[in-house]
Each structure stands twice: as structure tokens, then as C-alpha cells.
Amino acid sequence: MILAGLALLAAEGAAYADISQVAVGALELVCGGASKDWIVEVNGGGLALEDLNGDGALDLIVVEGSTIERLRAKEVGPSPRVLLGRGDGSFALAPETWSMAGLTWGTGVALGDVDGDGWCDVCLASLGGLVLYRNLAGQGLERVEDAGLAGAGWFTSCVFFDADGNGTLDLYAARYLDFDLDKVPVRGTQGAQWKGKPVLFGPEGLEAESDRLYLGKGDGTFVDGSVEAGLESVPAAFGLGVVCQDFDLDGRPDLYVSNDSTPNHLWHNLGEGRFKEVGFAMGLSHGPEGREQAGMGIAVGQVGSDAIPSVFVTNFSGESNVLYRPSRRPGRFRERAASLGLAQTSRQRLGWGTGFTDWNRDGRADLWVLNGHVYPEADAPGTDTSYAQPDQLFVQQADGSFVEQPLFGGKDRVTRAGVAGDIDGDGDEDLVAWTMEGGLLVLRNDAPDPGSWIGLWLHQAGPNPDGIGARVEVEREGHIQRFQVQRSAGFQASRPARLVVGLGEGSEPVIVRVRWPGQDESKEYRLEPGRYHRVQRDE
């Protein structure tokens, strides 16, 4: 019955079909009031996709905010929810064993096996701190009371990765600003105006908070290594998004952080848990006119035949989104959004969650962008924008440029975090998005006449069983696609560790090369397309 219902929801010519009602039902989300009087009300909550119970289907975690009334009363917000996937694109609310306690004001979520037992654990970010839950062998979740993730503040996006090269997962957590209802000016006061209209106060005029790095001990607990890592060597910024990626291919994962109204950061990994901020030196900190922008979401992926991944960042309305592409000078990037077709249509929109995914499986990474303003006042005449906005899909062409087409045939929305994953097991990546109005949005990939594909799910013994940080090449007829296994989804979200790779035409086997974490050379595999492969590391 569910499968039949899903099949009826495809809109003619749409890139994705809205299957929300059948997939999750009327799942309403909470994040402040409709008027958005305070900055804490505008960023939305978090999302994560991963197989949590080991049945092969992707499951979904949904994190919500709260209300100003609850915050004033010092009450927690709605409990984060786990929805177990049925494998056909639909989900069911998980039983009580998967329950998590409410947060002060929920924001982001990160996934990773922090204790090396083969099961994916969950870290929740919020206004007020971080909370870790251990996965009980696919049967439920248990809160880790003394995880070592100390520190208050407004945490936004976070990601598990191996910072110091010891094989165990560490946690980087971005923080936004110091928010206190009793200290932050009331809406419309102290010059808080936008295009002549009174609006909420911030982030400018408020105090930014420095990000934190927690080093894993391998047993599911952590120690704060932020100072030793060098995170306080630069002025604090308004951190919103974070991705982990080895940008210079030196074998050590780096971190890119999008900051609101302050320069973006690129934390170059020096080894042994130490980092140096080199965003300006690498050309990744400012916009095309040399100005700092209001960065939100981040996507990292291959453009053209580049060996180094490009970085795409969504920005505030009036600013264009940016694409930093590696230049011919080693260790440098150049902003190329306008020349590749990604800048002009973004100026009237305010972007949030974003990601590279091969929508039509032609062997080139396409780009989806979720949009929605922070000010309801954007609907007033003369603003040149709107509160609800259309989401976008940009299809990569053979020359590395992008052509826009509507993401799906639905109404405009106020969208925030998003995550891509194959929720129905058909070999293409679908989308789940967090919206301010209209509840959870589930979009099924409906690309016409898609190419062939191959799925890769890496596994190794001991800590970090999913091979987070591994570099993967997929080659067919001389065309090489490059990936790095990561779970960071750019803005308050976590994506599955498994890779879904479009191959274009043909059904012949492909060559897959994997450079496992800590190895200097790649291991080569010859694999059949059209299915998922569990790729095991040989010790």
C-alpha cells in the first residue's frame, strides 16, 4: 500500500517528487514563532540519515528547536525523533528504546562510531551544549552522562573525524554567538533594521563564540583539545556550517567552516591534533569582491576533472552564493560561481542546506540548494526578495558549468537543513529537508532515464569502522570520479557514510581505488555496477 502511494506522487517533469505525506506524514517542526522576533528562532533544527539498526535501510533523526516561552521558563524543547526506514522511502516512528531527552533549543546533529563497536552513535548540538548517545547494537540509544563534551554556548554544526591520526574519531563543533534573552536587544531596537524595516537583532552587535575540538579516547568519551589545537588563535566568528575534507591531499583531514558576517575559516591540519587557520591565504575566506559574507551551508564535491574538491557556500540574500574551485597554483582556490552559472540566480535568495549529488547518474556531481529568508518582512513590497523561496537544482555539464532547473514542483518554502541519501534503495540519492513552515520535506529522486550506478560501503576493523576520511576513486573508460568518505553535510546535518556513484551509460565493471585512512597507497577493486558493495579493508 505504501509503495503504491509513493508511485502516484511523481509530478511530470519534476527533478524530485514530494512524497512527504506518505513518507513521514504530517510531521510538524518547532523553531520559535511565526514573527521571528529573536535570532535563535531562525536557523531551524538538524537532520541525519544513516542505518542505525543494521537492517540495511537508512533511518532518520530529526532535531527541533523550541519556543521563546519555553526558553524563558527554562523548559526543554521537543525531544529529537528517530524514524526507522522501511527501505521503500517511508519511515515509522522508532520504539521507546530510541527515545532522546529534549534539548534547551536543538540545532545540529553528528553521527559516528565513537567507541569502535560497529554501531553509529549520535551527538546532538543545541543552544546550551552537546549531548552524546551511544547506539546499543541497533536496539536503541543510551545517553552517555560523562562524555567529556563540556562547554556551554550556542552549538550549530558538528562533525566526527580523526583529527590527530590515531584511528579514533574526534569531534569538531561550530558555535554561533552568545545568546541570552535578558541581554539581547528586543526586535527593532538599537538600529536593528533591514531595508528600512525593524527586524530581529543580530548577529552583528552580539558576541561570537569560538569553535571547539574534542579528542576521542576511543571508548566513547572525549577531552577538550580546543586550545592546544589552536582554535583560539584567531578571533571568534559566527560559526554555522562545517565540513571535513582533505583539501591538500596530504593525508590529514582539514576543516572548512562557514561563518555568518565574518570571514570563513579553513583549518589546515598540521598533525597530532593541531590546526592553523589559512582561509585567507588559500582564497576561501571572502566573497568574489573581497568582502566577508554571511555563510550558511557548505557543499564539497568534484567539478570537472579536478583532483582537488571544490567548495560551494550558500549566503544571505543580496549576496551571491560562491564556488571556490582549485586554481593552478598549489594550495589556492579561486571563486568561480558566476562563470559556472551558480551566482546570478542566488542574489534574491537566502541559501541554507546544500550538497553535491549526482541527480541523473551521468557521472558528474550536481548541486542542490535549499532557500528561505530569515525575516518574514521580506514579503513586504520593495525588498526584491521573499520569505518563502524556491529550492534549486543545478545540473553539472561536461565542461564543469551548471544549468539550473526547479528542484521539485511544489510551492515555495522556508527551508533550512538538508541531507541526501538513498532512502528507497534504488541507487540514487533522495533528499530530506527541514522547513520552518509545512513540516518535514521528503523528496524522491525522479531523474528521467538515469545512468548506471554503483554503491560503496567501506568497512575496516577496529576504531572508525566506516573508513571516515578514506579517499575513493571510481574509474570507467578513463573518466575518474573522486570522493572522500565523510558524514558532514554542511549545515546542522549528517549524511550516510556510504557512497552512491553515478556511472553514465554502460554496464561493464568499474575500477574502484580506495586509499584507506593511514595508508600511503590505494587498494584497487574491480566491481560490478547496479548494486551496493561492502568494501572490506584487508589488514
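No more than 12 heavy atoms of other residues, nucleotides or ligands lie within 6.0 Å of CD in Glu204, so this atom counts as exposed by the packing criterion. Atom CD of Glu228 has more than 12 neighbouring heavy atoms from other residues, nucleotides or ligands inside a 6.0 Å radius.
A 4.5 Å side-chain heavy-atom check between Val82 and Met100 finds at least one atom pair inside the cut-off. The shortest side-chain heavy-atom distance between Trp154 and Glu209 falls under the 4.5 Å cut-off. Inter-residue side-chain proximity for Val514 and Leu456 is flagged as unmet; no heavy-atom pair is nearer than 4.5 Å. Within the 4.5 Å cutoff, no side-chain heavy atoms of Asp113 are placed close to those of Asn135. Counting only heavy atoms from C-beta outward, the side chains of Leu370 and Trp434 never approach each other to under 4.5 Å. Put simply, the side chain of Trp105 does not reach to within 4.5 Å of the side chain of Ser126, judged on heavy atoms. Side-chain atoms of Asp178 and Lys183, non-hydrogen and from C-beta on, never get closer than 4.5 Å to each other. You'll find the side chain of Trp38 stays beyond 4.5 Å of the side chain of Leu71, heavy atoms only.
For His373 and Phe316, the distance between ring centers is under 6.0 angstrom.
Ser258 places a side-chain N or O within donor-acceptor distance of the main-chain N or O of Met296, the cut-off being under 3.5 Å. Side-chain N or O atoms of Gln348 include one that pairs as donor or acceptor with a backbone N or O of Asp384 at under 3.5 Å.
Between Tyr375 and Trp194, the ring planes lie tilted relative to each other; the angle falls in the 30° to 60° range.
Rounded to the nearest 0.5 Å, atoms CG (Leu206) and OH (Tyr176) are 8.5 Å apart. Taken from CZ in Arg537 to NZ in Lys523, the straight-line distance is 11.5 Å, to the nearest 0.5 Å.
In this structure, Gln396 and Gly304 approach most closely via the heavy-atom pair OE1-N, 2.8 Å. Shortest non-hydrogen contact noted between Thr168 and Gly218 is CG2-CA, 3.7 Å. Contact detail for Gly400 and Val303: the closest heavy-atom pair is O-CG1, 3.6 Å.
Arg81 and Glu64 are joined by a salt bridge, as a carboxylate oxygen and a charged side-chain nitrogen come within less than 4.0 angstrom of each other. The pair Glu142-Arg134 meets the salt-bridge criterion, with a side-chain N (NZ, NE, NH1 or NH2) lying under 4.0 Å from an Asp/Glu carboxylate O.
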Distance-only donor-acceptor hits, side chain of residues 45-52, under 3.5 Å, sequence neighbours excluded:
from  : atom 1 : to     : atom 2 : distance (Å)
Glu50 : OE2    : Arg487 : NE     : 3.1
Glu50 : OE2    : Arg487 : NH2    : 3.0
Glu50 : OE2    : Ala497 : N      : 3.1
Asp51 : OD1    : Asn53  : N      : 3.4
Asp51 : OD1    : Gly54  : N      : 2.9
Asp51 : OD1    : Asp55  : N      : 3.3
Asp51 : OD2    : Asp55  : N      : 3.4
Asp51 : OD2    : Gly56  : N      : 2.8

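Figure legend: Arg498 and Trp457 shown as a cation-pi pair, the cationic atom lying under 6.0 angstrom from the six-membered ring centre and within 45 degrees of its axis.
The salt bridge (charged side-chain N to carboxylate O under 4.0 Å, His left out) test with Asp306 singles out one residue from Arg336, Arg328, Arg482, Arg325, and that residue is Arg325.
Residues Arg212 and Ser210 bring a donor and an acceptor atom of their side chains to less than 3.5 Å of each other.
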If you apply the rule salt bridge (charged side-chain N to carboxylate O under 4.0 Å, His left out), what do you find for Arg252 with Asp250, and how did you get there?
CA-CA 6 Å; Arg252 295 189 294 264; Asp250 65 355; 3.2 Å; yes
